[in-house]
Amino acid sequence: MARDIPIEYVRNIGVIAHIDAGKTTVTERILYFTGRTYKIGEVHEGTAVMDFMDQERERGITIAAAATTAEWDGHRVNIIDTPGHVDFTVEVERSLRVLDGGVVVFDAVAGVEPQSETVWRQADKYRVPRLCFINKMDRIGADFERTIDMISDRLGMLPVPLQMPIHAEERFGGVIDLITMRAWAHSGDRDESPAERDIPDDLQAEAERWRDKMLERLSEHDEQILISYLEGHAVTEDEIRKAVRRGTIANEFTPVFCGAALKNMGVQKLLDAVVDYLPSPIDLPPIVARTMDGAEIDRPPQDDGPMTALVFKIVTDPYVGRLAYTRIYSGVLRNGDSITNTSRHKQERIGRLLRMHANDREEIDEVYAGGIAAVIGLKETFTGDTLAPRDNQVVLEEIVFPDPVISIAIEAKSKADQDKMGQALRKLSEEDPTFIAEYNEETGQTIISGMGELHLEVIVDRMTREFSVGCTVGRPQVAYRETVRKTAENRTRFVRQTGGRGQFADVVLRIEPLPPGSDNEFTNAIKGGNIPQQYIPSVAKGVQQAQHNGVLGGHGVVDVKVTLLDGSYHEVDSSEMAFNTAASICFQELMRKAKPVMLEPVMKLEISTPEDFLGDVVGDAASRRGAVQGVEARGTVQIVRAMIPLAETFGYTTTLRSMTQGRATSSMEFDHYEEVPAAIAEAAVKA
């Protein structure tokens, strides 16, 4: 079966922005105007097609990226609507990895917001060409020019407005096309297309100013426009459109459009721009793959090339099972194909292929180069894996995800829930690479980690609803340690008489502190045969077992050296078990003599913050018993490095975001153990 739409008529785009900028509202209007839906879904009413999860409809935010396909002006537009909340940044990351273009939505009142900067940097990472859509021009405080200045200042990108608004706030009535110098007015009827009119007299001079600015910026990047501009020739509409397309695809600048999606204003023109200016798969450089020998090779987007695909998302669907969202870079993927997961060296078989429309599915027989589809039947395939034919194996670059920054403890309410919880955690961690579930043997807790408190709240909610797991959550316990501060010796005699053969062991041990970060040591210093050689390993084992539980709070003991100095034995009553027990008792008594102290894990924390909030960030770190190691400038932000006890970091990410209007980010990793202040140690022991 032949391809139904030529590849040059395919657009793979993502809608990205800060939370509440209007991404989902823009996507809902695109679906309506392209005829994909017959009724407009509203986020505030909980009826948005793209926000189909219960958690999304209740909270009025996008949580999981949703894919759909629409047709416009003879083009096929594959759209992924992404979340705007920083906790779900993984959805933006993996979507941008496989998309060819992006529509970045800005709130005309708020301008460039914190998460706008984050998603913009993610798009920069994958060199995704973008259009900007300044939304909510009808709101009080909407400022088109200020938002454009913020795009330039905060994002470091040259914005080229191709439209300007017809007034703003409650007077917003449409847009002026700066290429054709015609106005497109909206009547307010959502089913009516915008009407073409002359530019209003009171806006003519301003429109001329914006057009001159547009041509000036284009001339800086396009030689043809520069020649015409300098020589005073009239630049044709076709020349401008070609120049805009070239510059957009090359990421030299980003075209800017405006509208009010909630009132259906400006969306049709935005769709025209997607078709006119964003690239098809063949407009971008071919994806680079690596052969099994490590050599790099291009995979151009050709239907007759070897099939090469990347799985960018795993979803557990309650009706059809495990879905693997896949981007086909080269060749054709068909139902029933046997392929290789080259990332894991596993053989897989394609069960069914689906074209997704949010949570609705349309079965298809094949997907061609440049297409996106969901695959059923991949059992050993996960996010970031490459699919290729058995006889032409290559691997694509993996998707790198950020590490989790917050953890909580979770417990099942019953034995039945315990069994279901394990399965639910496994499936959820398969879907979301930034969600990690681990069992901590030291504290006996299951610890789940994610990108923020909302992220983990949604995970727990999904476990309750989708997997029927009864569970409770709480703060995780800090894994404290114990050590000693001085040297001590002790003799322990273990004697038991039970009527028959008794138990006898006699050991003399010495304990001494080692430098921080050292492994525990055990040394045998006995000269002669006071203790037979066969009992020495039992003494060592008894000491090692006792080191699992210190004398202050039952925490593991670290950084100590134990030496066996002397002892005695009985010909009949001595045994390996007796020496094991004697060594354990002796070690506990040694710990009490040698000035035991509690140690706590200290994290190395790195904070990236705008300079405006530097004082607040440093002050907050100090209030958490943190020691600031240094501050340095990196571009437009300040990097703060500090050491902070793990016990003081719970909830830190949320506090940091609140303190910096969401513009600061942090990462932390374990560095070393350090002595706990006496008051805190006393409270920890009581707890």
Side-chain angles (χ1 to χ4, degrees), residues 1-15 22-52 56-57 62 65-82 95 99-103 105 131 133 135 163 174-175 177 184-196 257 259-281 325 353-368 370-374:
M1 186 173 137
R3 175 192 277 277
D4 56 344
I5 286 185
I7 191 169
E8 58 267 27
Y9 285 30
V10 172
R11 301 287 184 272
N12 294 313
I13 68 165
V15 184
K23 299 175 304 303
T24 302
T25 303
V26 168
T27 308
E28 292 294 325
R29 269 59 185 176
I30 288 175
L31 297 181
Y32 181 74
F33 289 125
T34 57
R36 194 71 175 85
T37 56
Y38 66 90
K39 180 178 181 293
I40 294 179
E42 300 291 4
V43 174
H44 58 276
E45 294 175 1
T47 58
V49 174
M50 303 303 281
D51 285 350
F52 56 86
E56 293 177 317
R57 292 186 168 177
T62 302
T68 189
T69 301
E71 311 283 335
W72 183 258
D73 194 22
H75 291 67
R76 172 167 294 152
V77 185
N78 296 316
I79 306 166
I80 296 181
D81 176 34
T82 65
S95 299
L99 292 172
D100 302 324
V103 174
V105 182
L131 307 178
F133 182 70
N135 191 27
Q163 292 177 347
V175 299
D177 187 329
W184 293 89
H186 291 262
S187 65
D189 185 337
R190 71 182 187 186
D191 292 321
E192 279 191 22
S193 297
E196 185 178 0
F257 304 86
L262 191 62
K263 294 186 177 177
N264 313 313
M265 302 168 77
V267 178
Q268 293 104 318
K269 288 296 171 186
L270 178 64
L271 271 167
D272 289 339
V274 166
V275 165
D276 289 344
Y277 306 127
L278 288 181
S280 73
Y325 283 72
L353 294 172
L354 305 174
R355 182 176 292 143
M356 299 302 294
H357 174 50
N359 61 334
D360 289 336
R361 299 162 292 277
E362 173 190 341
E363 291 209 23
I364 53 178
D365 295 323
E366 52 207 353
V367 193
Y368 289 85
I372 293 175

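The figures that follow rest on heavy atoms only: side chains count, while hydrogens, waters and symmetry mates do not. As the structure is a prediction and not an experimental result, all values here were calculated from the model.
The side-chain contact (heavy atoms from CB on, under 4.5 Å) test with Arg29 is passed by exactly one of Thr27, Thr25, Leu31: Thr25.
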Should Val15 and Phe133 be marked as a side-chain contact (heavy atoms from CB on, under 4.5 Å) after you check the CA-CA gap, both sets of side-chain angles, and the distance that decides it? CA-CA 10 Å; Val15 184; Phe133 182 70; over 6 Å; no
Begin from the C-alpha positions of Phe257 and Lys269 and carry the test side-chain contact (heavy atoms from CB on, under 4.5 Å) through to its verdict. CA-CA 8 Å; Phe257 304 86; Lys269 288 296 171 186; 5.7 Å; no
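Using a 4.5 Å cut-off on side-chain heavy atoms (C-beta onward), Arg3 and Val10 make contact. The side-chain heavy atoms of Arg76 and Asp4, taken from C-beta on, include a pair separated by under 4.5 Å. Two residues are said to be in side-chain contact when any heavy atoms from C-beta on lie closer than 4.5 Å; Thr82 and Lys23 meet this criterion.
Going from atom CD1 of Ile79 over to atom OG1 of Thr69 covers 8.0 Å, rounded to the nearest 0.5 Å. Ser95 contributes atom OG, which lies 9.5 Å from atom CG of Asp81 (distance to the nearest 0.5 angstrom).
By the side chain to side chain contact (heavy atoms under 4.5 Å, CB included) test, Pro279 pairs with Asp100, Pro129, Ile249, Asp283, Leu284, sequence neighbours left out. With sequence neighbours excluded, the residues that form a side-chain hydrogen bond (donor to acceptor under 3.5 Å, both in side chains) with Arg361 are Asp317. Considering only residues two or more places apart in sequence or on other chains, Glu8 meets the side-chain hydrogen bond (donor to acceptor under 3.5 Å, both in side chains) condition with none of them. Asp272 is linked by a side-chain hydrogen bond (donor to acceptor under 3.5 Å, both in side chains) to Trp72, counting only residues two or more places apart in sequence or in another chain.
Pairing each heavy atom of Thr34 with each of Leu271, the nearest pair is CG2-CD1, 3.8 Å. Across every non-hydrogen atom of Ala373 and Ile364, the tightest pair is CB-CD1, 4.3 Å. Across all non-hydrogen atoms, the minimal contact from Tyr325 to Ala67 is CE2-CB, 4.0 Å.
A donor-acceptor contact shorter than 3.5 Å is absent between the side chain of Arg355 and the backbone of Glu362.
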